[in-house]
Undergrad: 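Got a structure for you, questions after.
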Amino acid sequence: MIDEAGVLGEPALAAAPALLGATITGRGVTVRITEVEAYMGETDPGSHAFRGLRQRNRHLFGAPGTLYAYRSYGIHTCLNVVSGPDGFASGSLLRAGAVVEGVSLARERRGGRVPDVGLARGPGNLGQALGAMLTDDGSSVLDGRGPYVLRFADGLEERLASSTTALLDESLADGRPRISVGPRVGVGGVAGGRAFPWRFWLTGEPTVSSYRRHPQATD
DNA sequence: CTTTCGATATTCT
DNA sequence: GAATATCGAAAGC
């Protein structure tokens with residue numbers, strides 16, 4: 001039987017697609033996650049853990065279900081859900097979602113004239129819609145004592161019963177994969193000259209952020 | 001729809 | 001100093 005801690009006990013490459021369709025609730029807003037990226041330990045050149053344990057990234061090395069919150073480009077607060085195994089600096093960056101509860105509060109936080117579909121589109125915007133703060137760094141999304149609680153989508157157990165590959169192949173019923181895979185956004189570091197296809201999103205979701213080529217990408 | 005560019009704080013060279 | 005897991009406005013298609 002796979003519970004939430006069990007899913008997050010897996011490295012981010014397996015846990016990240018399982019986060020799609022899950023909800024994160026806190027500070028009056030619930031977001032249904034539609035886009036994530038996997039970051040895989042100290043050997044992943046795109047990961048904040050690449051240069052080893054630092055003050056900022058210490059919670060990436062923490063227990064599964066820990067929140068890793070960091071300041072991006074000096075302005076935005078972005079959220080990762082840490083996954084296992086314990087001590088492996090593996091996390092899933094929450095890149096986009098659909099606000100399903102607390103829409104008016106999310107609108108207030110975003111300010112201006114933002115269409116509802118864009119309230120949590122992009123990692124910085126998702127953090128802002130949820131009211132995330134740097135002090136959320138290190139809290140848990142599983143024990144109910146932190147500011148946010150993560151709930152997986154119904155039927156996740158069956159979908160994970162065999163493997164991540166099965167999860168990605170699932171729901172080909174209408175001819176389109178439900179989950180799409182592509183290169184990560186804004187990550188210059190590549191190994192062997194190829195980007196890792198470690199970005200996952202729900203196919204056709206209007207809340208998914210549009211892909212932006214990294215400024216230093218050469219193609 | 002796309003591209004370009006400035007703002008901003010923390011980390012790293 | 002330079003780079004960065006980004007965003008929004010502005011301008012051109």
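Values in this document were obtained by computation on a predicted structure and should not be read as measured data. In what follows, every chain begins at residue 1, and chains take the letters A, B, ... in the order their sequences are listed.
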Undergrad: Do A:T203 and A:S180 get their side chains close enough for a donor-acceptor pair, meaning under 3.5 Å?
TA: yes
Undergrad: Taking atom types as they are modelled, is there a donor-acceptor pair under 3.5 Å from the base of C:dA5 to the side chain of A:Y70?
TA: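 Pair found.
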Undergrad: CG of A:N125 versus P of C:dC7: gap in Å, rounded?
TA: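 Distance check: A:N125 CG to C:dC7 P gives 5 Å.
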Undergrad: Applying the side chain to side chain contact (heavy atoms under 4.5 Å, CB included) criterion to A:L150, which one of A:L67, A:L94, A:T25, A:I33 satisfies it?
TA: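 Exactly one pass, corresponding to A:I33.
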Undergrad: Exactly one of A:Y68, A:Y39, A:Y70 should register a side chain to side chain donor-acceptor pair (under 3.5 Å) with A:H48. Which one does?
TA: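 The option that passes is A:Y68.
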Undergrad: Atom OG1 of A:T34 and atom CD1 of A:I179: how far apart are they, to the nearest 0.5 Å?
TA: 11.5 Å
Undergrad: Think A:H48 has a side-chain N or O under 4.0 angstrom from the OP1 or OP2 of C:dA5?
TA: yes
Undergrad: Are any of A:R56's side-chain N or O atoms less than 4.0 Å away from OP1 or OP2 of B:dC12?
TA: no
Undergrad: Determine: side-chain N/O of A:R110 to OP1/OP2 of C:dG8, distance under 4.0 Å, yes or no.
TA: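 Yes, within the criterion.
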Undergrad: Using 0.5 Å steps for rounding, measure from the CG atom of A:D86 to the CG atom of A:L8.
TA: 12.0 Å
Undergrad: Can a side chain N or O of A:R71 be found less than 4.0 Å away from OP1 or OP2 on B:dT11?
TA: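 So the side-chain polar atoms of A:R71 never come under 4.0 Å of the phosphate oxygens OP1 or OP2 of B:dT11.
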Undergrad: How would DNA chain B look in dot-bracket form, 5' to 3', counting Watson-Crick and G-U wobble pairs with both distances under 3.5 Å and writing | for bases paired to another strand?
TA: |||||||.||||.
Undergrad: Under 4.0 Å: is that the gap between some side-chain N or O of A:R54 and OP1 or OP2 of B:dC12?
TA: yes
Undergrad: Inspect the contact between A:R32 and A:E205 and indicate whether a charged nitrogen and a carboxylate oxygen are less than 4.0 angstrom apart.
TA: yes
Undergrad: Output the rounded distance in Å from CG (A:N57) to P (B:dT10).
TA: 16 Å
